[in-house]
Amino acid sequence: MSKKIKLMQGNEACVEAALMAGMRFYAGYPITPSTELAELSALHLPYYGGKFIQMEDEIAGIAAAIGGSLAGLKSMTATSGPGFSLKQENIGYAAIAEIPLVIVNVQRGGPSTGLPTSPAQGDVMQAKWGTHGDHPVIALSPDSVTETFNLTIRAFNLAEKYRTPVILLTDEVVGHMREKIEIPAQEDIEIYDRVKPKENEEYVPFKTEEGEIVPRMANFGEGHRYHVTGLFHDESGFPSNSSENAEVMLDHLMNKIDNNLDDIIDYEEYMMDDAEFLIVSYGSTARTVRSAIKALRAEGIKAGMFRAITLWPSPEEKLAEISKKFDKILVAEMNLGQYVQEVQRIVKSNSEVYHIGRANGEVTTPSEIVNKVKEVL
Amino acid sequence: MSSNLINEYFRESKLPHIWCPGCSHGIVTRAIAKAIDELGLDKDKVTIVSGIGCSSRAPGYMDFNTLHTTHGRALAFATGVKLANPELDVIVITGDGDASAIGGNHLIHAARRNIDITTIVFNNNIYGMTGGQYSPTTPTGALGTTAPHGNIDKPFDIAQLAAAAGATYAARSTAYHTTQLIKYIKKGIQNKGFSLVEAASICPTYYGRKNKSGSPVKMMEHLKNNFVDVKIIDKLPEEKKAGKELMGEFKDITAPEYTAEYLKLIDRLKGAAK
């Protein structure tokens, strides 16, 4: 198979990538603007010997996907705002039980049923804190069709490597717009598969081997009869009420991400070499920011953009370092102020942080960003 | 063989269990192990999935692939496991609240799909784990900690609900009638489709104390005396029918099974252009 050039929607590119990454199980529930993900998975998966099932509700969608992953298939579910809210409890389950899983959230206007066919970036904080309790999160935010493809592959690889749910936080703009995309040949795509237990050795299902990041994962039905629970458990997998054990386990969950930030974190610096003003953005809003930066530069204002591709964990170290060079930073996002709080936390007193964004279903225009920059300067 | 059930099918190091003295969940759990034993299932292929509640702690004691999930969602997780690997014998252990309140939607849809999962409902008519609140199977008039003035709700008949929703095998026995219970569980596992076996159970600690039902032995006697097989109920004189509850097999039919149909779909598309 060789590479091919196509015109595709973001949602189409996501399914194309998921299949190439090895997705063989999809369970979900229809919701705008993510429905193409379910429809295309239903269409294509049987040809690969994979399984698609439309469940009775959003909660069942993620629950079945977790079950599919435990039975050995790379699994995905997709949704949008209201469905993302409903899936939260089981996102926490996948986190504590260390089940690889990809959850796509094509963000739409909220709260509640909100603006079903309009874009938003209102689930940024929910992606981190939506499920109860402390837990690790990986959330990726693509700004184009090509990047949706690439980050979907990455989402599966990270899920398998770190045994954790990975959220692909796209939005209605990126999900539905069409762009040219070069689909690489299958052999040119790097695929990571979960590490299985060693043969002929006693399997301690939640024990991390020396030098490894996460416990090796046996698939149900392959001869290792073990227990999986959403309760705090010890290395054996069985529930434990001990606070000492809970601490050890939570440290493991957090550290597997925190100790590997270099491997996980991704960002883009756009026209930053000579930049005198910094705009921080992500996802589809970053596209507007690029246009704004070109317009600003035409007027002699040297603006640049730092684009977070990994929203969670946030690219904290890099942004903190960069912020030392800027007195003022503008955060552009499609909400009333979410990631701006993370930027403020990171840059501390290095820079004054401003915000531009709205949550009425309309994207911010380049000229609005240009005007905001001039106002702030 | 039966005397070895503990060694063969239970994780002895995880015992004793958390259930209260007099609770009948151990009896029902043993019936499941006995059914698996008599069918000679491959332990590596058996997967037991549960939700949250007293009964849902049973899989932790059982030496199979065991999955203790979130409240009400056992059947949704189990559907994923079974569809991803149809070679597994998937059994769901759930309680009356887990199966028919928070998990009611999953129950009727798993039944509708006729997916090959055997669901055992430990029905003790109460939320035990949280301390005796009324459940969807608490009888009208009974007391619970959230029905301090008597329950005004009407109870579900879970076995009949599953049968109506599309289960191809639906039966009810009790923690007293273990011979029938084991037989029904075996038939449920053997049925290629969705099976539900309800095990009427007792909760002396919460239901029993609140409703002054007497000792666990007395509550077991109630199961013995109050449940009548559906096959003979019509032969009883009217005065003996009053207040009786039905046990027995409510449905036992053959119908296309979901995962088998999906595999047929994959076969049908084989060789076709992508």
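When reading the values below, keep in mind they use all heavy atoms of this one structure, side chains included, and skip hydrogens, waters and symmetry mates. Chain letters run A, B, ... following the sequence lines, proteins first and then strands; every chain starts at 1.
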Take atom CD in B:E12; do more than 12 heavy atoms of anything else shown fall under 6.0 Å from it?
yes
At a heavy-atom distance under 4.5 Å, which candidate from B:V46, B:T79, B:L83 has the highest pair count against chain A?
B:L83
Check whether any side-chain heavy atom of B:R11 sits under 4.5 Å from a side-chain heavy atom of A:H227, and report yes or no.
yes
Any chance CZ of A:F206 has more than 12 other-residue heavy atoms, nucleotides or ligands included, within less than 6.0 Å?
yes
Any chance NZ of B:K43 has more than 12 other-residue heavy atoms, nucleotides or ligands included, within less than 6.0 Å?
yes
Please classify the contact of A:S236 with chain B as side chain, backbone, both or neither, using a heavy-atom distance under 4.5 Å.
side chain
For A:E56, which of B:R113, B:R73, B:R112 qualifies under salt bridge (Lys or Arg N to Asp or Glu O under 4.0 Å)?
B:R113
Heavy-atom side-chain contact between B:N65 and A:E222 under 4.5 Å:
no
With respect to chain B, which residue among A:F25, A:F238, A:F52 yields the maximal number of heavy-atom pairs within a distance under 4.5 Å?
A:F238
Min side-chain heavy-atom separation A:I53-B:Y258 under 4.5 Å
yes
Identify the heavy atoms of A:G50 and B:Y262 that sit nearest to each other, and give their distance.
O-CE2, 3.3 Å
So how far is it from A:I59 CD1 to B:H71 NE2, rounded to the nearest 0.5 Å?
12.0 Å
Engaged part of A:L73 at the chain B interface, taking heavy atoms whose separation is under 4.5 Å:
side chain
A:L45, A:L43, A:N219, A:D57: which one forms the most heavy-atom pairs within less than 4.5 Å of chain B?
A:D57
Cut-off 4.5 Å, heavy atoms of chain B, and the answer for A:L231 is side chain
Side-chain contact test, heavy atoms from C-beta onward, threshold under 4.5 Å: evaluate it for B:I266 versus A:K51 and give yes or no.
yes
CG (B:D63) and OH (A:Y226) are apart, to the nearest 0.5 Å, by 14.0 Å
Contacting region of B:L265 [heavy-atom separation from chain A under 4.5 Å]
side chain
Can you say whether B:I108 sits under 4.5 Å from chain A via the side chain, the backbone, both, or neither, judging by heavy atoms?
neither
Residue selection (most heavy-atom pairs with chain A, distance under 4.5 Å) from B:G80, B:G72, B:A110, B:A78
B:G80
What is the distance from atom OG1 of B:T69 to atom CG of A:L70, rounded to the nearest 0.5 Å?
10.5 Å
Which atoms form the tightest heavy-atom contact between B:V81 and A:A71, and what is the distance?
O-CB, 3.8 Å
Non-hydrogen side-chain atoms of A:R225 and B:M62 separated by less than 4.5 Å
no
Any side-chain heavy atom of A:F220 within less than 4.5 Å of one from B:N85?
no
